Structures are given as structure tokens and as C-alpha cells.
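On a predicted model such as this, the values are computed, not experimentally measured, just so you know.
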Amino acid sequence: MTGEERSWLQRFIIWREKNVKEKRFILVLSFLVGIFTAFAALILKLLIHWIQNFLTENFDTTEANYQYLIYPVVGIFLAGLFVRYVVKDDISHGVTKILYAISRRQGRIKRHNTWSSIIASSITIGFGGSVGAEAPIVLTGSAIGSNLGSLFKMEHRTLMLLVGCGAAGAVAGIFKAPIAGLVFTLEVLMIDLTMSSLLPLLISAVTAATVSYIVTGTEAMFKFHLDQAFELERIPYVIMLGIFCGLVSLYFTRAMSSVEGMFGKLKLPYKKLLVGGAMLSILIFLFPPLYGEGYDTIELLLNGTSNVEWDTVMNNSFFYGHSHLLLLYLILIILFKVFASSATNGGGGCGGIFAPSLYLGCIAGFVFSHFSNDFEMTAYLPEKNFALLGMAGVMSGVMHAPLTGVFLIAELTGGYDLFLPLMIVAVSSYLTIIVFEPHSIYSMRLAKKGELLTHHKDKAVLTLMKVENVVEKDFVAVHPEMDLAELVKAISASHRNIFPVTDNEGKLIGIVLLDDIRNIMFRQELYHRFTVGKLMTSAPARLYDTDSMEQVMRTFDDTKAWNLPVVDGEGKYLGFVSKSKIFNSYRQVLVHFSED
């Protein structure tokens, strides 16, 4: 930014502060965020479809195509090069990065995230990476909101709201689903719902969806026509489908976490590319529906009405013409999809799990109903209806977001006539996975580190606090070889009643409490008989500078102490943390965090 531009911006900020109230200006910013995120989503979709059509338009549908062994590897290789040498930053796990920015960076997201995820994910998915474009565009939208707020010097509480506006706009824009965009922000990003936050989120979501409608038309993203109305007699089977989707979600979450851990152990990027590329290309070669987002398969299962149409899912593969293997083929896809998605990101690609969860849910619902109908185990279950319900089920389970699953699928397909069974499936799936996994696939990485902001107000405030901000360093340190006389001098120079005892390297070895020596500190005949080493005691516990505030409070509760020493990883003394300091800081953060 040039000096002239900076000067113009500063003059505008001063004018705005004098003439436009902050709440009204936030509404203006949320409107701009909605427009920018919608166009970002449209550009990403356009790039993905252009690349994919260019590469696959001449494929033979009646046999396997060996280009599937090449394209995905090239895609994650190019995306990896772009990230490593142009971006020079980790841009994977987009939603997790947003959660981290909200929890630990006061809503600040790096400027390059406004464009880097669009390029990397379009290359990855266009060349066949088995991931979705939604998480990258959500990160892009949140980055747009964060950087727009930073540009106009908004405070961090407003930045966090604008991050949510960007996410809501991104989901609303890419799916044409404004309600889902709003609910996603509340459920997954855990932005608190207050009157001051609701209106900006709605403005961004509605604006983004409107822009998408204007550019691409008013039709739902997936065409769905309800051939058979929902009957109450099918409710038990809908509940069973929900439980099945919950178990599929659990498998997807656990398997992805394990495969990511495997890739995490591979330090060299070319090793990751070799393993991820080989795994991805072989899986796509054997199961072409794993290529890209998989929305063609969803469209087929939602609109197909006979085995002849459904069998086309096996086009371009060795399974072509073997209609009796359809169920086996789809079950294998359910099992291997998680490996294809993990290999894409682990090998160097960029993408999210929005599309994979929709894809898995659609296939899971179809398999559940088709299997039941083939073996006449129950009354007839319409495959297309159950494919639709399965999408809500798996999305709810993977993201731990039942409302997002319900509203997104209803808006994606226009399937509002199935609203009741959508809710039943979503809740059943969520209740099933919550038994095994307390956190979603997005938040589990941060939850393990104690860095996750939640709707639990007490935990949220503790997450926003940091140990280094409450450490007090005005305690006088003493050494074990000092005698009582020297200790009394130290006491006279201090206004504290605790004295850390450190060795020559500054490592904490104990503490001296004023109450413990009060009865001898004025007896001068004892001044040279006692040393600090004899008078010191062990600290009730030690806090580490890497501890989360939740761990700190747990340690205080366990020890019943009022002051505890803080050390680094090597045991060097850093200071003390007192309950009174924590309570004062807690109150300040709570007032600021809860301000409406």
C-alpha cells in the first residue's frame, strides 16, 4: 500500500469514526463480505469445472482409462509446488484454521488466504483430487472478512464476527443455501448468537446467495423431484439409517485421523507425494467416481429411477457392464473414499471434507435402501429419498452439526417435503457418533491442544486467555545457600509472601513461604544457623508456560493453592500465577467477549 493510499484510508477511517456508528459500519462490511465471498466461490467452481472438463471430456465410458493414474498425481504435485514455493505456508484443513484464528489469533487470518486456497484447491480437485472445494472457499471467505475488518482497523471482537460472516457467505454462495451458511457458522465455527451478530451473518449469507442466484440461476444445486411422499411407517427405518450414517461418520473420522497421522510422520514432501499420489491414483483408476468432488455421482443417485441408470456409476471402470456388482462397488467406494481424501491432502493437495461427507452420505443412504429392497427385508424404501436423507446423516455426524446437515440438504436439493425425516436422520446420526467422538473432525485437532473455542462460555473465556498474560514476575528469587539473614533482607525488599528458590541456572527447586519462617525471622541469633535450603518446601504443583488456562485452573482446583510457580520446558523459573490475577483477567475477557 502506497503512502497516498494509506493517507486516504486513514482519512476515511477518521471520517467513519465521526459520522458512522460502528454497528452500522459492521453491516456495510458484512454486505461487502457477502459480495466478495460469492464471487470467490463462483471463480473457484468455474476453475474446477473448466480443468475437469478439459481433462476428461474424451474419456471412454466402456473401459478403464489409464489417464486416471496420471492426472491426480500431477494435480497434487502442482498444488504442492504452489503451496511450498509461492504461498510458503500451510493452507490445508481450512475450517480448523478458522477455528484456530478465532480461538488463538483474535480473528486474524493471513492475507494470502484470500486467494491461495482458490488456486491450490482448483488445481487439486480439477485434476481429480478426491476432496471438496467448500472448506477452501470457507477459509477464503473468512480471510476476506478478517482482512477487510483489519483494513478498517476494527477491534478483534468485530474481526471474529467478520470471520463468521465470511464463512456464512462462502457456504451460502457456493451452495445457494443462506440458512445453511448461517447455521454452519453458529454450529461449526461456534460464533455466539446475539442480536449484534445475527444481522451481519444474515446479511452476508443472503447477499452471497443472491449473487449466486443472479449469476447461475435460481435452480437448486442438485435437482431433486419427490416421486414418493414420506410415510410415517418408515420412521423406524429412517432412525436405522441415521444410526448407520453415524457409524459411517465415525469410520470416516477415525480413518482420516489415522491416515493423516501416517502422513504426518513422513517429513519429506516428496515422500508424501509418492505415497499419497500412488494411493490416490490407484483408487481413482479402480473407482472413477472417486475423481474430484463426486457431485456427478450424487446427481445420478438422486435422480436415477432404475438399475439401468444407477449402473452407469460404474462407467469408465473395470466394473462396467457388471450390474450385479453394483452394491459391492458402492460399498467399496464407501470404504475407500476416506483413503482417497486423506491421500489427496496428505500428498500435498488442498481440499476439504464437505463434499466427501455429502458424497458418502448419498451412497450410504442409497446402499441402505437398495440392499433392503433387493432382499425384501422391509417395506419398499425409495432409493432416491434415502440417498437424500443419507447426505444429511453423514454430514451431521462428521461435522457434529445436525442443523447444518438438515438445512443444507433441504436448500441444496429443494427437498423440503422430507424435512421431518431429514431431522430424524440428522439427530440419530449425531447422537450415534457423539457416543464415540466428542468433537467433530474439524475441532478434534484443536481440542487435543486445548485451543478450541466453544459455546460453553466459561471454557471459551479460558481458551481466549493465555498463561503468559497472567504470569507475575515481581517475586524476589532466593538461592538455597543463602542464610536466614540474607533471606530477611530479601523479604524486606519484597511485598510478596512467597519466594521462589532457584539454583545457579535459574531452575526452580522449591519455595519459601513467609508464614513458615515468621516465628524465627526476627531472632538474630539464628540468622547464620539456617539456610534457605533448610527452610524451603516443595511447590504444591508447577505450571508450564505451554499449559492451557483450562489446565491451569484444573491444577489450582486440585492443589487448593492460591499461588503457583510457572516454569518452562527445562524447569527454569518464569514467575507465579495467582488466582486473583486470573479472576481479574477472566472478568475483563468475559465482559469483552459477552458484550452485545
(Q) With a 3.5 Å distance limit and no angle check, can you tell me whether Tyr359 reaches the backbone of Pro289 through a side-chain donor-acceptor pair? (A) yes
Q) Pairs in or reaching into residues 122-131: which pass side chain to side chain donor-acceptor pair (under 3.5 Å), with residues at least two apart or in two chains? A) Ser130-Lys337
Q. Can you name the residues that form a side-chain hydrogen bond (donor to acceptor under 3.5 Å, both in side chains) with Tyr270, not counting sequence neighbours?
A. none
Got a list of side-chain donor-acceptor pairs under 3.5 Å for residues 77-85, not counting sequence neighbours?
none

Q: Evaluate the side-chain proximity of Asn113 to Thr140: yes if any heavy-atom separation is below 4.5 Å, no if none is.
A: no
Q) Are any non-hydrogen side-chain atoms of Cys362 and Thr297 less than 4.5 angstrom apart? A) no
Anything under 3.5 Å between a donor and an acceptor, one on a side chain of residues 167-177, the other on a protein residue two or more places apart or in another chain? List them.
unit_1, atom_1, unit_2, atom_2, d
Lys176, NZ, Thr216, OG1, 3.0
Lys176, NZ, Gly217, O, 2.8
Lys176, NZ, Glu219, O, 3.0

Q.
Are the side chains of Lys384 and Leu388 in contact, using a 4.5 Å heavy-atom criterion?
A. no
(Q) To check you understand the geometry: which heavy-atom pair defines the closest contact between Leu162 and Gly149, and what is its length? (A) CD1-CA, 3.5 Å
Q) Is there a donor-acceptor pair closer than 3.5 Å between any side-chain N or O of Ser121 and the backbone N or O of Ser117? A) yes
Q | salt bridge (charged side-chain N to carboxylate O under 4.0 Å, His left out) contacts touching residues 267-285 (sequence neighbours left out) | A | none
Q.
If you take the centroid of each ring, where Trp contributes its six-membered ring, are Tyr237 and Phe386 closer together than 6.0 Å?
A. no
**Q.** Option among Asn315, Thr312, Asp311 that satisfies the side chain to side chain contact (heavy atoms under 4.5 Å, CB included) test with Leu300
**A.** Thr312
Q. Should Asn385 and Leu418 count as side-chain neighbours, where that means a heavy-atom distance under 4.5 Å?
A. yes
Ignoring hydrogens and angles, write down the donor-acceptor pairs under 3.5 Å from the side chains of residues 32-51, residues two or more places apart or on other chains.
unit_1, atom_1, unit_2, atom_2, d
Thr37, OG1, Val33, O, 2.7
Thr37, OG1, Gly34, O, 3.1
Lys45, NZ, Glu293, OE2, 3.1
His49, ND1, Lys45, O, 3.4

**Q.** Pairwise side-chain contact, Ile298 with Met391, heavy-atom cut-off 4.5 Å (strictly under)
**A.** yes
Q. Under 3.5 Å, is there a donor-acceptor pair between the side chain of Ser249 and the main chain of Val394?
A. yes
**Q.** Rounded distance [0.5 Å steps], CG in Leu148 versus SG in Cys165
**A.** 10.5 Å
Q: Step through it carefully: locate the ring centre of Phe184, locate the ring centre of Phe354, and say whether they are under 6.0 Å apart.
A: yes
Q) Would you say Gln52's side chain and Gly128's backbone share a donor-acceptor pair under 3.5 angstrom? A) no
Q. Nearest heavy-atom pair of Gly132 and Pro356: which atoms, and what distance?
A. N-CD, 3.7 Å
What donor-acceptor contacts under 3.5 angstrom involve side-chain atoms of residues 324-334, with partners at least two apart or in another chain?
none

Q: Can you measure from CZ (Phe339) to OG (Ser258) and round to the nearest 0.5 angstrom?
A: 8.5 Å
Q.
Just checking Tyr68 against Tyr291, ring centres under 6.0 Å apart?
A. yes
Q: Sorted by first residue and then second, give each side chain to side chain donor-acceptor pair (under 3.5 Å) pair with at least one member in residues 275-289; sequence neighbours left out.
A: none
Q) What's the shortest heavy-atom distance between Ala340 and Leu280, and which atoms? A) O-CD1, 3.6 Å
Q) Can you check whether Ser204's main-chain N or O pairs, donor with acceptor, with Thr207's side chain at less than 3.5 Å? A) no
(Q) Set out, in order, the CA-CA distance, both residues' side-chain angles and the distance that settles side-chain contact (heavy atoms from CB on, under 4.5 Å) for Ile353 and Phe252, then state yes or no. (A) CA-CA 10 Å; Ile353 54 97; Phe252 184 80; 4.0 Å; yes
Q.
Could you check whether any side-chain N or O of Asn147 sits under 3.5 Å from a backbone N or O of Thr114, counting only pairs where one atom can act as donor and the other as acceptor?
A. no
Q.
If I compare all heavy atoms of Gly397 with all of His400, which pair ends up nearest, and what's the gap?
A. O-CD2, 3.1 Å
Q. Among Leu389, Thr413, Leu408, which residue meets the side chain to side chain contact (heavy atoms under 4.5 Å, CB included) test with Leu422?
A. Leu389
(Q) So which atom in Thr344 and which in Gly129 form the shortest heavy-atom distance, rounded to 0.1 Å? (A) CG2-CA, 3.7 Å
Q | Set of residues satisfying side-chain hydrogen bond (donor to acceptor under 3.5 Å, both in side chains) with respect to Ser342, sequence neighbours excluded | A | none
Q | From Lys110 atom NZ to Leu139 atom CG, the distance as rounded to the nearest 0.5 Å | A | 11.5 Å
Q.
Are more than 12 heavy atoms, taken from residues, nucleotides or ligands other than Met423, located less than 6.0 Å from that residue's CE atom?
A. no
Q) Are Ile70 and Tyr66 side-chain neighbours, meaning at least one heavy-atom pair lies under 4.5 Å? A) no
(Q) Rounded to the nearest 0.5 Å, what separates atom CE in Met399 from atom OH in Tyr430? (A) 14.0 Å
Q) Residues in side-chain hydrogen bond (donor to acceptor under 3.5 Å, both in side chains) with Asn303, at least two apart? A) Glu299
Q: Apply side-chain hydrogen bond (donor to acceptor under 3.5 Å, both in side chains) to Glu383 and list each qualifying residue two or more places apart in sequence or on a separate chain.
A: His370, Asn373, Tyr380
Q.
Restricting to ring-ring contact (aromatic ring centres under 6.0 Å, His included), what partner residues turn up for Tyr544, sequence neighbours left out?
A. none
Q: Taking the side chain as every heavy atom from C-beta outward, state whether Ile409 and Leu358 have any pair of such atoms under 4.5 Å apart.
A: yes
Q: May I ask you to decide if Gly365's main-chain N or O and Ser369's side chain share a donor-acceptor pair within less than 3.5 Å?
A: yes
Q. Counting distance only, does the side-chain N/O of Ser429 pair as donor-acceptor with the main-chain N or O of Gly393 below 3.5 Å?
A. yes
Q: Any chance you could measure Cys245, atom SG, to Leu250, atom CG, to the nearest 0.5 Å?
A: 12.5 Å
Q) What is the distance from atom OG1 of Thr404 to atom CD of Glu187, rounded to the nearest 0.5 Å? A) 4.0 Å
Q. Is there a side-chain contact between Lys88 and His112, using heavy atoms and a 4.5 Å cut-off?
A. no
(Q) Checking Leu201 against Leu186 for the side-chain contact (heavy atoms from CB on, under 4.5 Å) test, could you report, in this order, the C-alpha distance in whole Å, the side-chain angles of both residues, the deciding distance, and whether it holds? (A) CA-CA 10 Å; Leu201 291 171; Leu186 301 177; 4.1 Å; yes
